[in-house]
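In what follows, a structure is listed as structure tokens, so that the remarks can point back to it.
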Amino acid sequence: MQQVHVEAAGDAVVAPGELLAEVERLVSAGARFTTMVCLDEGLEFEIIYLFQKQTLELVNLRVRIAKDEELPSISGILLGAVLMENEIKEFFGVKIINLVIDFQGRMLLEAESPKTPLLKVKANSKQPGGGQ
Amino acid sequence: MARVTFPFGPQHPVLPEAIQLQLTCEDERVVEVLPVVGYMHRGIEKAAERNPYSHNVFLCERICGICSFIHALCYCELVESMTKIKAPPRAKYLRTIWSELSRIHSHMLWLGLLADSFGFESLFMQCWRAREIILDTLEMTTGQRVIQSTCTIGGVRCDIDSEMKPEVHRQMKAFKKELEAIYPVFARDYTVKARLVGKGVLPKEQAWSLGTVGPVLRGSGWAYDARMLGYAAYDELEFEPVVENGCDAYARMMVRLREVVQSVELVVKALDRMPDGELAVTARRFPEGEGIIRVEQPRGELVEYARGNGTVRLERLKVRTPTFSNIPALLLMLPGCEVADVPVITLSIDPCIACTER
Amino acid sequence: MGFLARARVKSPWILHYCTGGCNGCDIEILACLTPLYDVERFGILNIGNPKHADILMITGPVNWRSRHVLRNLYEQTPDPKVVIAIGVCAATGGVFHNCYNVLGGVDKVVPVDVYVRGCAARPEAIIDGVVMALQKLEAKKSGGVSYAAGAR
Amino acid sequence: MPLMSGNLIKNLFAGPVTRPYPVAKRRSFPRARAQLLYNPTGCTYCGICANICPANAIQMKEDRESLRINRTYDSFACIYCARCIEFCPNGALKMGVEHLEPTDRKAVMRTAGRA
Amino acid sequence: MTWPIIVAVAAVLLAPLVGGLLRGLDRKITARLQGRIGPPVVQPFYDFGKLVGKSRVVSSKASMAWAWSYFLLTLTAFTLFFMGQDLLVVFLILAFAGGSLAFGALSARSPYARFGANRELLQILACEPILLLAAVAVYFQTGKFTVCSILEANQPLLPYLPLVFVAVLIVLGIKMRKSPFDIAASEHAHQELVRGVYTEYSGRFLALMELTHWYKIVLLLAFIALFWAQPLWVGVLIALGAYFLELWLDNIAARLRWSWMLGVSWSLGVGFVVVNLVLLSVVV
Amino acid sequence: MSGEQLITLLIFLPAVVALGGLVLKGAAAQRVVFVPAMVALMVAAAALALQVLPREALTFTPPVGWENVVAVLKYALIAYFLYVGITARNGLVLGLAGFLAVLLPVVQFGVLGGHVAVEPVFYADVLAVIMCLVISVVGGLIVVYATDYMPAHEAHFKLAEPVRTRQPQFFFWFVLFLGAMNGLVLANSLPWLFFFWEVTTLCCYQLIRHDLTDEARGNALRALWMNLIGSVAMVVGIGLAYNSAGTLSIQDLISGGSAPLVLLPLALFCLTGFTKAAQVPFQSWLLGAMVAPTPVSALLHSSTMVKAGVYLVLRLAPGYADTSLSLLVALFGAFVFMVTSLLAIGQSISKRVLAYSTIASLGLIVCCAGINTELALAAGIALIIFHAVSKGMLFMAVGVVEQQIGSRDIEDMDGLVARMPLLTVAAVIGMLSMLFLPFGVAFAKWAAIGAAGALAGGYIAVVAFLAIGSAAALVFWSKWLGRMLGEVPVVADEKKPVSAYGSVLLLVVGAVGLSIFVAPLVAALIQPALSTMGYSQAFDVSGWHLRTAIGVFPPWALFLAVTAAVLLPALFARGYRGDLDPVYLCGVNVNGGSVQFTGMAGKPVLVTAGGAYWKQWFGESRLTPASNWIAVLLLVALFAGVVLR
Ligand code: NFV
Ligand code: SF4
Ligand code: SF4
Ligand code: SF4
């Protein structure tokens, strides 16, 4: 087989409200979920959805939401995303709603573990999040 | 109808690692599976933000002791892309060799565990015995058996010099001989096939849409392997992914088995073609901006994302390991199987919980 | 030495549990069972059930969730028993010293009798550890002191 | 199908491959990294190793009163990565190829030098 | 009347020794087949002694009681066998012994033990018909159902009952808990049911289980030896051969599922015996 | 009293008491009447036994007038069945009853030419006496039990409107049943036999529909039409028998040598027996009968109704000895034994398990009759006795359990021993008596396998069926037994109604006692029964053991050994005062207990441990259709073998 060379990932910023429609579109075009990355940007979260096309290159969808805003889950469309969404919910406290399987913030963390350990700045405050 | 609900794991003799499957069965048929994870979660992503970025090579290696070299490789390639340096060609070949060696050791380990999970003890022993040859090679060339700590940002830390080379060749030959004795047992033995064929079926379309990776994906007929992307020296080694179309546990096993054969060839090829030159270059600045890297682990595609801000610490390191992507498929494959098949199907995705939970 | 006392050190059955390490040490424990190291020479069996075990081989830095499991397994193992902490992360947390979810060592949860160093611990080191554990086991009497009252 | 039989027969007649470990020890590979050897007399207490150690196994603390630097090395935390050796300017550190003995208690190694 | 009693007492006393040594040999040979050194041959006795010395862990009173019943019933069957009594009686009691093992496992609230118990019952379902039919086959040859009659017969059974012998080998595999039949409590422990019926037993109760197992295996091997009782030493050799055949099988096969086991023992096992009997009654 | 009087008493006392029961209201009144009556019945049966045993047999022919009464009643019965068929709009009942209504006169007047005198009408040999004892003792105890059960049943069960107690009717049919059964087993005249046969069918029908729910009515109709098939076969058989042998006396028929022409009516009578004994493919009526109150089930399964079926097959055994019919009866019985035992594995409803086990045991008895050697017949008779005692007791025990825990599902009987210790232990002994060796049922199995094994040829298949079936029986009993003995954290809360417990415990004592004294039992009852039936002695009972020509059964030694093996550990464990440790739950027990484990999201999850039923192997949907067809084929073969001979 030929080596596949993948050029730089395609990037697109979408509004939270259009997320589901956009994901639907990508999926119907044959793309599949790779992963999600959540970044704490102070007042907002930036969440990157990485998709892989059948030609193997990556497509990124970037969503920015305020810290107390709700984000619809894409697990209804792509079951494969459910663990990652739970993880982000648990690590950052992102309010992801309509999860297909909801671990209620207890997927990886035990009751005694620090809460939202990867959150750096809490919503409406400047205090650092968990993780000592 | 009478139901049995019980925990399968976290401590369970067929599971080398801690994960719980909360199983509900009717008779011996599994009707519901819930994953209970978190027994191996350490918080490496956070620690990676606290450490100076160069420490993380060693931390990432210890995400998992089975696929540790490639974790380090991935992190190094990631940082290299963010600090705009390139590892020298000899380092690339060495990285390839060690990647493939650790793939062999991981696959042999898995083949053994699989054999053990269906009660074929002597086959387990045979696999692990063969695997020791690879571990010897690794220890000889890097100084450690399972965690090599030999990849570094900008290159590698030690060399396979001309003295060692024939020895590695010899060991590859010895391994190949052992492998040839094992191969037909896995591929054709009646009892092995009885336990694997038709178990844990994952149809081709589903394998794609669920986002499975690695042998799970390739066992369902998709020719995708991150090594096709051509990192390290793979673009110069005429790599072709191994594909099987059975979509069941047997197909996944065959993918891995054939990959072992392929990896041995890749090691030999890389050894022969390895150019001379220096082993590493040093980075002159701190990582900045974003980077995404995909590499192929034994269990499938590993994706790392990092964002740097020009300081010695990264702002975020995200590791998406292959097992993380394969677990949803597992949850779809288990319902409807028999209790006796649970270990086999679970192992058929080669779950690595240490990787998954980081 | 009476037959029973002799039997105790001649037939150690191990239970292996990973409390959140990286697997490196776990696969080395498994490697000990395989032909090249073959700890069955010493009568060792990897039994997989705490109720049948004499030696607990614990790896990993212990995270908050596996802490409960470890405790439970320890309590379910009948006396006399010994605990071997394998790998440096089972001793102190090792490379995971600054991860938020780890307690940093098996001895934070249950008393440890033998530490085996290495990251990953080599099979030879693990065998040495077992040999040392057998000496400890010999010293312990069944039904004597209850070791259930661990550290924390 | 008895496909495994060939292997078994071979094993039976070739004899066990077991390395009788505690009885006979195999020579370690020269590159093996199994213990960290430290030569305090060669050390200048520069602190590089402590900074560079990914496991925080080496720690340096300055004692203002006695004007001394306390260096501790914890072999129960060291991951034997040999990074400190790579960076030590004075060659005070070396890797040993023999693994460390098991112990029943933890201890750290303390040395001190002039600031 | 005294001779059978002497034989039986001697057998009861010697069986643990023989059984333990056979287990030790089994482990040693298995190790050698796998290219390992393996434990010393007397290892099972060490294991036994170790288990006896462990502190007591019990999860249910009833399972304590049934453990002893398992032992005593097996011992009863064993004694009756060596006293030369009725084979049907021996095998029926052996089945009840298996039943008590299952009861013991069922009485703990452990899902694993209960799964194991159910599978143990399936094993009885697989073995029992073959054994009963084998007794009938013995009758066909000797005109009696008793063990004595086999010893008194003037030619060996094996040439006339070759297929019955094969079927009994299947039973031996099941009772030895070896691959491909080890579904209820695997000898090598790394199976889905943890230790199946044995999961909740520990310490001296596990030792008791082990001891019972030895008796059971010796009993079965003795039955196999009877297939060539003129002279008996040939039979003993055959029994040993059968034992090692099972070992070999264990090492070249994966563990299969209960449905396979049941299918094989009913179709091949029962089928073989029936075919053998039919042939016998047609030819004779 | 003379034998004649005793026979009359055994038949008429229940009928009279039954009529008396119609006017009785209230448990106390019932008890006052029924308990002495039942005791009288038992005494009468025992007295008859004492009279019969020293000689060959007792005969009795009532005055000729009775013959006409019986004839009239016969037509009345059939008319009633017709009426049932019409009102219930049930085509099968209607058709069969209608056919019978035509057939009976045709046979009586066409073939028999009006009235045929049979000498004697009643023939009380040892076999009949054994049956009488079983019916009177076990049946009587069930009546006593019912006086406790029925009030509770009515209180618990909301009767269909209008709410009015139906207990008088219940006891009427119930007690009448016993009389009819006594008549049935004592009858030697085929027309009389037919009459009693139809009375039992009627009683059974009435009792099954007692609760008047739709299900009860439906199942009662099913029982009716299936039994009517047997009736038709019997009437045809009677006609053929008279035609070919010229007699309507059973004794004459079976001792007349097995002329091929007599075989056909015998085969028809066997078919009649199979329908009544609910053998596959007729098993569904007995399974459906469990909608009735428990005493009914206990009665149907233990001492009456189904036993009539196997009694008939056994009674006729000498008639078809050494024929192909014998082999096919054995094959059929063994097949039923195997397949219903396997079916029982797949059931979780306690009464269904019991029902399948009954059918299996009956199959075994049928098989014994078919094997037709003295050892097999001894086994068959022993099985009738032991099964009646154990099964009656089990049904009664299960009935009480059902009333107290409100479920008949085995799954809900987890750890019953902690909740209802006394009854559970009784039930466990009952199960063990169905299963463990020194007890009678297993003894009979041993004898049956031995007997079948002793015959070559087609009997090899019989042995194979028996072997698989007996293993299957072990499995389904064990699953249930283990479940009841399980450890669950509950406190005992056991109500102990006197009559119910009393009769259960009496039967427990009976089951154990009979098993201990199996050797005297064999010597005193079974061997004489064999010799009156024309067989030689099966056992040498002179020594300690029961010695047959081919094997030994040491009841005393076994009893000692097995009792020691089960009882001693139980006592030892009872005395254990140490702590109980939690079970292994992969390290995630909640609070170190055995009840819950930590599951998803840290939530405690209850460990449920349902039983295994392996439906894909032993489920009804998997096995029933195939086994029905095979049974039908065997029946066809049975007739083909007889006709083609
Ligand atoms: N999952 C996983 Fe790994 C692999 N292969 C990787 O990133 O094993 Ni522990
Ligand atoms: S000590 Fe090292 S190799 Fe062992 S488990 Fe811990 S991190 Fe992994
Ligand atoms: S070898 Fe590595 S871990 Fe150990 S002290 Fe040196 S730098 Fe630290
Ligand atoms: S780097 Fe070398 S010289 Fe400096 S403190 Fe460490 S050991 Fe001493």
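What you see is a predicted model; the values in this text were computed from it and never measured. All chains are named by letter (A, B, ...) in the order of the sequence lines, taking the proteins before the strands, and each is independently numbered beginning at 1. Heavy atoms only: backbone and side chains are in, while hydrogens, waters and symmetry mates are out.
For the 3.5 Å distance criterion, the side chains of F:T294 and F:Y149 qualify, holding a donor opposite an acceptor. Side-chain N/O atoms of B:R131 and B:H105 include a donor and acceptor closer than 3.5 Å.
Contacts between F:V607 and chain B at a heavy-atom distance below 4.5 Å involve backbone atoms as well as side-chain atoms. Using a 4.5 Å cut-off between heavy atoms, F:L606 touches chain B through its backbone atoms (N, CA, C, O) alone.
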Pair up each side-chain donor or acceptor in residues 29-39 of chain B with any protein partner under 3.5 Å, not counting sequence neighbours, and list the distances.
from  : atom 1 : to     : atom 2 : distance (Å)
B:R29 : NH1    : B:G336 : O      : 2.7
B:Y39 : OH     : B:Q20  : NE2    : 3.1

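Annotation: maximal heavy-atom pairing with chain F below 4.5 Å, among B:H12, B:Q22, B:E28, occurs at B:Q22.
Of all the heavy atoms in B:S325 and B:G211, the pair that sits closest is CB-O, 3.4 Å.
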